[in-house]
Amino acid sequence: MRELNPQQQQAVTAGTGAILVLAGPGSGKTRVLTQRIAYLIGNMGVRPYHILAVTFTNKAAREMDERIGDLLGERNRGLTLGTFHSTCGRILRREAQYLPFDQNYVIYDADDQIRVVKQVVKDLNLNDKLYRPHGLHASISNAKNELLLPDDFPVQTYRDEVVKRVYERYQKTLLASNALDFDDMLLWTAYLLDQMPAVRERYARRFEHILVDEFQDTNMAQYTLLKHLASFHRNIFVVGDADQSIYRWRGADYRNVLRFEEDYPDSQVILLEQNYRSTQTILDTAMAVIDQNPTRTPKKLFTERGKGQKITLRELYDDREMASFIVGQIAKDIAAQKNQPGDFAVMYRTNAQSRILEEAFLAAYLPYKLVGAQRFYGRREVKDVIAYLRLVYNPRDEISLMRVINIPRRGIGDKSILTLRTYAQQVNLSSGEVVLQLGNGTGTEHGDALPNRVAATLAGFGRLLSSWHTQKDELSPMGLMDLILGDVEYRTYLEDGTEEGKERWENVMELRRLASEYQERSLEAFLENIALVSDQDTIEAGSNVPTLLTLHAAKGLEFPVVFIVGLNDGTLPHIRSFEDPEAMHEERRLLYVGITRAEDQLYLLHALNRFNYGYMEPADPSRYLDDIPLELVSGASARHSPSTDAIFRPERWNDSAELREVEPKYHPGMNIIHAAWGDGMVLNSKIEDDEEIVDIFFEGVGLKRVVASLAHLEVKS
DNA sequence: ATAAAGTGACTTTTT
DNA sequence: GTCACTTTAT
């Protein structure tokens with residue numbers, strides 16, 4: 001506690017009531033939250049059972065849990081700490097009796113949700129060119145985040161009318177499948193607390209203190225359910241920073257910060273402005289960028305770390321040169337022992353930008369870790385196995401049934417599936433229930449009603465499903481998985497002799513390893529965990545290699561050296577935000593978040609040309625770069641400077657071969673060819689005893705030091 | 001019923 | 001330049 005600054009202390013020891021902590025980046029907000037919880041338990045005598053703390057990512061929750069554990073040891077037992085979704089998930093299972101679904105509901109991920117929309121579009125005979133499933137889903141999601149049920153959906157245009165019909169049917173499909181999407185978890189919890197006063201009071205009385213992390217990212221559903229949960233004791237402690245609000249497209253509304261002050265007029269506001277992460281130069285850069293956003297509460301970030309190094313602003317010829325510049329810079333700093341590999345992070349606006357970077361790292365034999373992109377849980381084979389498990393857990397899960405009913409092939413084609421679905425609808429059952437009843441002998445009437453061959457194949461699958469279903473409670477998640485994989489001969493199906501097939505099976509084995517961690521826990525816990533982990537949660541420290549990640553994924557993290565790439569208009573700000581001023585403000589905040597991740601050194605890079613679709617086109621530097629004062633930038637005229645051109649247009653060097661001998665001929669960033677080692681990039685060059693000594697990073701070979709006059713280097717143009 | 005070939009759409013960020 | 005979905009050929 002003594003290590004806290006006065007503002008932090010004020011926040012930690014604040015009394016009861018509503019408290020709003022506006023925490024700038026790197027101002028120790030996680031510290032304040034954890035200390036606050038420890039203070040409530042240790043000093044104010046609040047029982048952990050009466051405290052609720054919510055975060056957005058599992059990672060943040062885990063981190064807080066560990067830190068509280070460090071402070072309190074076992075005394076934190078009984079504390080409710082989790083993400084919005086996991087907390088809602090628990091409440092919904094417990095209170096399912098009041099809701100239109102069963103306790104054993106499954107959670108549909110983004111992919112499943114789109115499949116449902118596609119099915120609905122088909123069922124309603126809509127033109128899927130005119131009504132794109134993704135667009136429809138976005139409209140539905142927005143409505144849910146605003147707590148609008150299908151009946152309340154406002155109709156102003158013909159499209160709204162269609163969306164409303166799709167929404168209605170989408171929601172019916174989910175409920176018939178005993179499934180919830182992510183938005184439902186918040187929506188139904190808010191609905192429950194709103195409609196059932198007794199339930200609301202039970203929870204509101206229980207949670208004497210509620211703490212919320214990243215409050216600026218809450219949407220209407222989250223805000224409402226927090227309000228309900230805090231309705232009895234009204235002790236709500238929220239921490240946030242409107243300048244770091246970057247999830248508007250997911251319904252997040254930083255105006256909830258304003259709403260909070262309206263709803264709790266006697267709330268205490270505490271400002272955390274001292275930064276413990278970055279140099280003043282980096283903070284000044286960040287403020288120069290964010291200050292251009294209108295209607296924000298100005299914050300003055302300051303640090304005691306001193307000015308530090310200037311930031312680097314650089315123009316590269318294209319994405320490829322940008323990537324090799326970064327790799328070269330990283331290799332150089334590592335070779336000079338200036339930094340460790342794990343100190344570096346490369347951030348970009350869109351996941352697609354990671355590919356060229358990956359190629360450059362791969363070519364330099366420099367290990368790296370990539371956050372996000374092709375998710376493990378998104379792999380086809382992984383999804384298949386999860387679908388089997390989900391189907392056993394909840395046979396009404398239509399999406400999972402359709403996924404696995406004919407995988408591996410068992411002669412149930414489109415025709416049979418259509419017959420099954422039509423029949424199931426007639427008898428008011430889910431397809432899964434019909435199959436299950438055919439398999440366990442309780443559905444002989446289905447057998448009579450369906451064509452013989454269809455009934456026979458379905459019954460075959462039904463017998464498998466039924467046997468898994470009866471054994472599911474005796475087996476661990478891993479045991480059940482083994483049983484299913486064996487019964488359907490999944491390995492034989494995957495391993496077709498190709499390398500890809502082998503990889504796929506290895507992924508399944510990785511899933512099995514994850515399941516093995518649930519020996520003592522239920523299938524339910526395993527499935528829920530799979531559904532609610534995100535890329536953000538898989539970021540682990542420790543591997544000591546550079547990190548590649550999106551600006552969104554970077555929130556909450558910090559690195560000694562940060563590269564932000566693709567600072568071009570159209571990329572950042574992204575072209576899809578151009579027409580919407582609010583979206584443009586969010587783009588700016590995104591850059592602000594990226595800049596404030598840096599501790600010591602910041603590189604802002606843009607390209608002269610960029611790849612779009614498949615061809616190269618000229619690109620403008622990001623407009624945000626104009627807002628950065630030149631005195632913060634190293635080399636002052638780094639943009640459009642002759643030196644930059646010289647380095648990254650190697651042909652210029654061929655023209656000036658008559659350079660004086662005492663000056664290095666090779667410069668960092670140049671691409672060269674060596675007779676034995678092939679392609680390489682110059683990292684450094686210096687003159688020693690009239691000889692030029694060059695450090696070069698060779699693709700596939702590594703870092704080499706050569707004497708220029710002996711090495712027969714060829715400059716690549 | 002399945003594999004191969006062709007088409008078109010799309011790339012913003014994710015619990 | 002990639003993916004998913006559709007059509008076409010076997």
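Scope of the values below: all heavy atoms of this structure, side chains included, with no hydrogens, waters or symmetry mates. Lettering of chains follows the sequences in order, A, B, ..., and the numbering in each one begins at 1.
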Asker: For DNA chain B, whose closest nucleotide is more 5', that of A/N406 or that of A/I246?
Answerer: A/N406
Asker: Measure the distance from CG on A/D414 to P on B/dT2 and round it to the nearest whole Å.
Answerer: 9 Å
Asker: Quickly work out the A/N568 CG to B/dT11 P distance and round it to whole Å.
Answerer: 21 Å
Asker: Can you confirm if the NZ or CZ of A/R250 lies within 45° of the ring axis of A/Y247 and under 6.0 Å from the centre of its six-membered ring?
Answerer: yes
Asker: Answer yes or no as to whether B/dT15 has its base stacked against A/F56, where stacking requires a ring-centre separation under 5.5 angstrom and planes under 30 degrees apart.
Answerer: no
Asker: Nearest whole Å is fine: how far is B/dT15 C1' from A/L225 CG?
Answerer: 13 Å
Asker: B/dA1 phosphate, OP1 or OP2: any side-chain N/O from A/R409 under 4.0 angstrom?
Answerer: no
Asker: Is A/R248 touching bases, backbone alone, or none of the nucleic acid, heavy atoms closer than 4.0 Å?
Answerer: nothing
Asker: May I ask you to say whether A/R115 pairs ionically with A/D111, meaning some side-chain N is under 4.0 Å from a carboxylate O?
Answerer: yes
Asker: Counting runs of three or more consecutive pairs, Watson-Crick or G-U wobble, with each distance below 3.5 Å, where are the stems of DNA chain B?
Answerer: B:1-9 with C:2-10
Asker: Please report the distance, rounded to the nearest Å, between CE in A/M185 and P in B/dT15.
Answerer: 13 Å
Asker: Take atom CZ of A/F578 and atom P of B/dT11, then tell me their distance rounded to the nearest Å.
Answerer: 17 Å
Asker: Which is true for A/F182 with a 4.0 Å heavy-atom rule: it touches a base, it touches only sugar-phosphate, or it touches nothing?
Answerer: base
Asker: Parallel, tilted or perpendicular: which one describes the rings of A/H137 and A/Y170, with boundaries at 30° and 60°?
Answerer: perpendicular
Asker: Which word best sums up how the rings of A/Y223 and A/F215 line up, parallel for under 30°, tilted for 30 to 60°, or perpendicular for over 60°?
Answerer: tilted
Asker: Could you tell me if A/R521 sits above the aromatic ring of A/Y518, with its cationic atom closer than 6.0 Å to the ring centre and no more than 45 degrees from the axis?
Answerer: yes
Asker: With nearest nucleotide decided by heavy atoms, which residue, A/K415 or A/D183, maps closer to the 5′ end of DNA chain B?
Answerer: A/K415
Asker: Mind checking if A/R589 touches a base, just sugar-phosphate, or nothing, with heavy atoms under 4.0 Å?
Answerer: nothing
Asker: Send over the distance from A/L418 CG to B/dA1 P, rounded to a whole Å.
Answerer: 12 Å
Asker: Taking atom P of B/dT13 as reference, at what distance in whole Å does atom CH2 of A/W249 sit?
Answerer: 8 Å
Asker: Reckon A/N58 has a side-chain N or O less than 4.0 Å from the OP1 or OP2 of B/dT15?
Answerer: no
Asker: Backbone N or O of A/S245 within a donor-acceptor pair of the A/R589 side chain at under 3.5 Å?
Answerer: yes
Asker: Under a 4.0 Å N-O cut-off, is there an ion pair linking A/R320 with A/E359?
Answerer: yes
Asker: Write down the distance between NE2 (A/H552) and P (B/dT15), rounded to a whole number of angstrom.
Answerer: 11 Å
Asker: Using a strict 4.0 Å threshold on nitrogen-to-oxygen distance, state whether A/D397 and A/R403 make a salt bridge.
Answerer: no
Asker: Listing time: all N or O pairs from protein to nucleotides 3-8 of chain C that are below 3.5 Å?
Answerer:
| residue | atom | partner | partner atom | Å |
| --- | --- | --- | --- | --- |
| C/dC5 | OP1 | A/K118 | NZ | 2.5 |

Asker: Do any N or O atoms of the protein come closer than 3.5 Å to N or O atoms of nucleotides 5-10 of chain B, and which pairs are they?
Answerer:
| residue | atom | partner | partner atom | Å |
| --- | --- | --- | --- | --- |
| B/dC10 | OP1 | A/R132 | NE | 3.0 |
| B/dC10 | OP1 | A/R132 | NH1 | 2.0 |
| B/dC10 | OP1 | A/R132 | NH2 | 3.3 |

Asker: Checking all strands, does A/H85 fall into the base, sugar-phosphate, or nothing category for heavy-atom contacts under 4.0 angstrom?
Answerer: base
Asker: Tell me, please, whether A/F578 has A/R623 positioned over its six-membered ring: NZ or CZ under 6.0 Å from the ring centre and within 45 degrees of its axis?
Answerer: yes
Asker: Given B/dT14, is OP1 or OP2 found less than 4.0 Å from the side-chain N or O atoms of A/T550?
Answerer: yes
Asker: Do NZ/NE/NH1/NH2 and the carboxylate oxygens of A/D184 and A/K144 come within less than 4.0 Å?
Answerer: yes
Asker: Would you give the length of the straight line joining atom NZ of A/K383 to atom CD1 of A/I530, rounded to the nearest 0.5 angstrom?
Answerer: 11.0 Å
Asker: Indicate the ring-plane relationship of A/Y490 and A/W505, choosing parallel, tilted or perpendicular according to the 30° and 60° boundaries.
Answerer: tilted
Asker: Working to the nearest 0.5 angstrom, can you tell me the gap between A/E524 CD and A/L389 CG?
Answerer: 13.5 Å
